[in-house]
Amino acid sequence: MSHAAGDEDEEQAIREAWPPTIAYITEFLKTAEGKEIAGRVLTFFESVRKQSLDRQVSESMLHGVARYLLSAGIIVAAVWLQFAGKLDTVMVGLLSLTLGYLLGRQQSK
């Protein structure tokens, strides 16, 4: 039973100390264990930031290539429709709107 009473005393002490004060946290961070935990947390956030930046670079490169391929496809479609005699004002408007959207999105970023 003394083991259970010790656990209850420990739980009571934890409840009384919760939430931890800034002074308690500061003192904990000064210990070797606190420094190790703080280092792990910083390493974790640095790796997350690096992965996020790497992903943004690869996504922006992919979006740039896709944007230029779609733009080239729109221009080829317009030339083909002109030679086929099917290019009318509605198609010009639709192709122009699509191309403007693609190129305008690139400039806004």
Side-chain angles (χ1 to χ4, degrees):
M1 283 284 167
S2 64
H3 183 64
D7 288 342
E8 289 177 10
D9 291 341
E10 185 177 329
E11 287 178 13
Q12 182 64 27
I14 291 172
R15 274 192 230 113
E16 289 174 0
W18 193 259
T21 62
I22 297 296
Y24 175 79
I25 294 171
T26 305
E27 290 300 316
F28 177 73
L29 290 175
K30 289 179 183 177
T31 65
E33 186 180 25
K35 289 178 184 179
E36 180 183 346
I37 290 173
R40 286 182 183 180
V41 169
L42 287 176
T43 302
F44 170 75
F45 281 115
E46 286 173 356
S47 68
V48 168
R49 190 182 114 247
K50 185 178 183 298
Q51 288 175 354
S52 174
L53 290 174
D54 291 344
R55 188 177 318 129
Q56 286 175 355
V57 167
S58 65
E59 285 178 2
S60 67
M61 193 180 327
L62 178 64
H63 288 159
V65 169
R67 187 178 300 120
Y68 287 116
L69 287 176
L70 287 172
S71 299
I74 290 171
I75 293 170
V76 167
V79 169
W80 179 76
L81 288 170
Q82 176 62 35
F83 281 124
K86 306 263 184 192
L87 190 64
D88 61 356
T89 56
V90 174
M91 287 306 292
V92 169
L94 179 65
L95 294 173
S96 299
L97 180 70
T98 306
L99 188 60
Y101 174 76
L102 288 172
L103 296 178
R105 259 186 98 210
Q106 177 184 8
Q107 297 299 324
S108 67
K109 289 183 179 183

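Just the heavy atoms: all of them, side chains too, but no hydrogens, waters or symmetry mates, feed the values below.
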key: Test: Glu46 and Lys50 ion pair at under 4.0 Å   = no

note = Of all heavy-atom pairs linking Leu29 and Gly34, the shortest is CD2-O, 3.7 Å

task = Examine Phe44 and Val41 and state if one hydrophobic cluster contains both, with Ile, Leu, Val, Met, Phe, Trp and Tyr joined whenever side-chain heavy atoms are less than 4.5 Å apart.
result = yes

ask   = So which heavy atom on Leu87 is nearest to which on Gln82, and how close?
value = CD2-OE1, 3.3 Å

request  = Starting at CZ of Arg67, measure out to CG of Leu99 and round the result to the nearest 0.5 Å.
outcome  = 11.5 Å

message = With clusters defined by side-chain heavy atoms of hydrophobic residues (ILVMFWY) lying less than 4.5 Å apart, directly or transitively, does Ile75 cluster with Leu94?
response = no

request  = Give a yes or no on whether a salt bridge exists between Lys30 and Glu27, defined as a side-chain N under 4.0 angstrom from a carboxylate O.
outcome  = yes

note = Between Leu95 and Leu81, the two heavy atoms sitting closest are CD1-CD1, 4.2 Å

